[in-house]
Amino acid sequence: MKKHARTVIGAVLATAGLLAGTSAMAGKTLDQIKQRGQIVCGVNTGLAGFSAADSSGNWSGLDVDHCRAVAAAVLSDANKVKYVPLTAQQRFTALQSGEVDVLARNTTNTLNRDASLGLHFIGANYYDGQGFMVPKGKITSAKQLKGATVCVQSGTTTEKNLTDFSRANKLNLKPVVFEKVEAATGAYFSGRCQAYTTDASGLASVRAKEAKDPAAHLVLPDLISKEPLGPMVRRGDDEWFAINKWVLNGLIEAEEYGITQANVDQMKSSDNPQVGRMLGATEDLGKHLGLDKEWLARAIKTTGNYGEMFERNVGPKTAINLPRGLNNQWNKGGLMYAAPLR
């Protein structure tokens with residue numbers, strides 16, 4: 001064998017060995033979290049169903065559940081989370097600067113955000129679209145809003161989508177822009193704007209929680225955008241990215257296989273090889289993430305599977321009253337399709 005060939009092969013083998021050796025490293029973010037004893041989670045300042053605090057300061061919602069599930073997986077305690085409420089304009093800087101470890105704040109995945117902010121989306125935990133809310137009356141379609149004033153939050157895809165929709169349909173909509181969502185919704189309910197626009201899930205949340213008479217307001221059927229919402233982490237720590245990504249995938253896959261908050265312990269003895277693998281009964285998948293083999297079982301026991309999270313926080317039996325729709329499992333007509341845990 002020629003010297004050059006031996007050198008190339010040696011370099012390839014050395015690189016492969018290095019990659020194999022680092023695959024189970026926990027990463028600097030997880031090391032910091034373990035030293036701190038707490039995950040710092042950036043959330044919305046208050047969006048019922050996704051992230052909102054009650055009068056006692058207890059946080060709940062679909063995004064909050066992501067942070068709780070990750071805390072259960074990595075710290076064995078879902079309560080070891082510090083929640084940092086962030087406006088739309090604050091959120092990316094807070095994550096970039098290290099103020100928060102993960103941003104779980106109903107944030108849309110876009111090319112610009114994914115490629116230019118130094119951040120990673122871990123996947124969608126809610127598929128949404130932008131809509132409009134108006135006082136119930138003559139308007140039944142967004143295209144009837146010609147010349148209307150529309151309350152909107154700044155620093156969001158919502159603001160840009162509104163401008164695009166207005167221009168494309170020659171509606172001459174007049175945005176009334178606010179930094180905080182509370183200011184935008186307050187202005188709409190006081191009559192300052194003829195319509196309010198945000199993600200359809202947000203409209204349902206605001207109407208249910210903030211309107212004096214929810215029945216007096218109509219969420220129009222038009223959706224003017226695609227809004228795949230999901231948590232984000234900083235680039236540069238692949239291990240922390242992987243942990244967040246696979247917690248989300250694990251909770252989605254748990255629903256597909258019928259693993260629930262109530263039966264997770266019993267399911268460890270399931271004859272289904274995939275169930276045993278996911279719950280650490282037959283294989284140790286946690287070692288690839290720098291975690292123990294019980295990581296996903298703890299997460300499921302904390303929040304339930306994705307379907308349970310959805311139903312508890314935003315489903316038809318809640319005040320938010322959202323249908324599963326696109327957020328149903330892939331084999332039930334939805335888009336929730338987990339990458340295999342194996």
Side-chain angles (χ1 to χ4, degrees), residues 24-44 49-86 94-95 98-105 122-123 125 230-234 237 239-255 259-268 278-281 284-313 341:
M25 291 176 62
K28 61 183 179 181
T29 304
L30 184 57
D31 287 342
Q32 292 168 355
I33 287 169
K34 287 182 174 179
Q35 291 171 8
R36 189 193 306 135
Q38 189 179 57
I39 291 173
V40 183
C41 179
V43 293
N44 200 301
F50 288 84
S51 51
D54 63 17
S55 58
S56 300
N58 298 311
W59 286 85
S60 64
L62 195 63
D63 286 334
V64 168
D65 276 349
H66 174 76
C67 295
R68 286 175 48 79
V70 173
V74 304
L75 296 174
S76 301
D77 188 342
N79 295 316
K80 291 185 176 180
V81 183
K82 176 184 177 182
Y83 298 100
V84 178
L86 300 166
L95 183 56
E99 181 184 348
V100 299
D101 301 312
V102 56
L103 179 68
R105 193 202 172 284
I122 68 157
N125 69 345
M232 303 178 74
V233 296
R234 283 181 298 280
D237 191 333
E239 292 76 22
W240 181 236
F241 168 71
I243 288 170
N244 279 270
K245 172 183 175 179
W246 288 105
V247 167
L248 174 59
N249 275 274
L251 296 176
I252 295 170
E253 184 130 313
E255 181 183 14
I259 308 170
T260 69
Q261 191 172 29
N263 72 15
V264 60
D265 288 329
Q266 291 74 23
M267 291 292 279
K268 290 177 182 178
M278 292 167 61
L279 299 181
D284 182 2
L285 297 180
K287 64 184 179 182
H288 302 298
L289 301 170
L291 305 176
D292 63 24
K293 65 181 182 180
E294 297 280 335
W295 65 281
L296 182 56
R298 287 195 300 272
I300 298 168
K301 190 175 291 189
T302 294
T303 64
N305 62 43
Y306 176 79
E308 291 178 286
M309 290 163 54
F310 185 99
E311 295 301 326
R312 179 174 62 251
N313 290 302
L341 277 76

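Just so it is clear, the model here is predicted, and its values are computed rather than measured.
- The shortest non-hydrogen separation linking Ala254 to Ile300 is CB-CD1, 3.6 Å.
- Side chains of Trp59 and Pro85 form a contact here, defined as non-hydrogen atoms less than 4.5 Å apart.
- Expressed to the nearest 0.5 Å, how far CG of Asp101 lies from CD1 of Ile39 amounts to 7.0 Å.
- Between atom OH of residue Tyr83 and atom SG of residue Cys67 there is a gap of 6.0 Å, rounded to the nearest 0.5 Å.
- A salt bridge between Arg312 and Asp65 is present, with a side-chain N of the basic residue lying under 4.0 Å from a carboxylate O of the acidic one.
- Summarising the geometry, atom CD1 belonging to Ile252 is positioned 8.0 Å from atom CG belonging to Asn125; distances are rounded to the nearest 0.5 Å.
- Side-chain atoms of Asp284 never come within 3.5 Å of backbone atoms of Gly280 as a donor-acceptor pair (strictly under, hydrogens ignored).
- Under the 4.5 Å side-chain criterion, counting only non-hydrogen atoms from C-beta, Lys293 is not in contact with Leu285.
- Note that CG of Leu86 is 6.0 Å distant from CD of Glu99, once rounded to the nearest 0.5 Å.
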Going through the checks in order, is the side-chain contact (heavy atoms from CB on, under 4.5 Å) test met by Trp295 and Val247? CA-CA 9 Å; Trp295 65 281; Val247 167; 4.0 Å; yes
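- A salt bridge is absent between Asp63 and Arg68; no separation between the charged side-chain nitrogens and carboxylate oxygens falls under 4.0 Å.
- What you find for Ala71 and Asp77 is that their closest heavy atoms are CB-O, 3.4 Å.
- Looking at heavy atoms from C-beta onward, Lys82 lies out of side-chain contact with Cys41 at the 4.5 angstrom threshold.
- Between Leu75 and Lys34, the closest side-chain pair of non-hydrogen atoms falls below 4.5 Å.
- Between the side chain of Glu255 and the backbone N or O of Asn305 there is no donor-acceptor pair closer than 3.5 Å.
- Summarising the geometry of Gly290 relative to Leu30, their closest heavy-atom pair is O-CD2, 4.3 Å, with the distance given to 0.1 Å.
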Should Asn244 and Met232 be marked as a side-chain contact (heavy atoms from CB on, under 4.5 Å) after you check the CA-CA gap, both sets of side-chain angles, and the distance that decides it? CA-CA 9 Å; Asn244 279 270; Met232 303 178 74; over 6 Å; no
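- In this structure, Trp240 and Asp237 approach most closely via the heavy-atom pair N-OD1, 3.1 Å.
- Atom CG of Leu289 is separated from atom CD of Glu239 by 9.5 Å, given to the nearest 0.5 angstrom.
- When every heavy atom of Ile259 is checked against every heavy atom of Glu308, the shortest pair comes out as O-OE1, 4.5 Å.
- Of the possible polar contacts, one joining the Arg234 side chain to the Val100 backbone as a donor-acceptor pair under 3.5 Å is found.
- Here the shortest heavy-atom pairing between Met309 and Leu251 reads SD-CD1, 3.7 Å.
- Between the side chain of Asn44 and the backbone N or O of Arg105, no donor-acceptor pair lies under 3.5 Å.
- Judged purely by atom type and a 3.5 angstrom limit, Asp54 uses its side chain to pair as donor or acceptor with the backbone of Asn58.
- Partners of Asp265 under the side-chain contact (heavy atoms from CB on, under 4.5 Å) rule, at least two apart in sequence or in another chain, are Lys268, Lys301.
- Remark: Trp246 CH2 to Leu341 CG distance equals 5.5 Å, nearest 0.5 Å.
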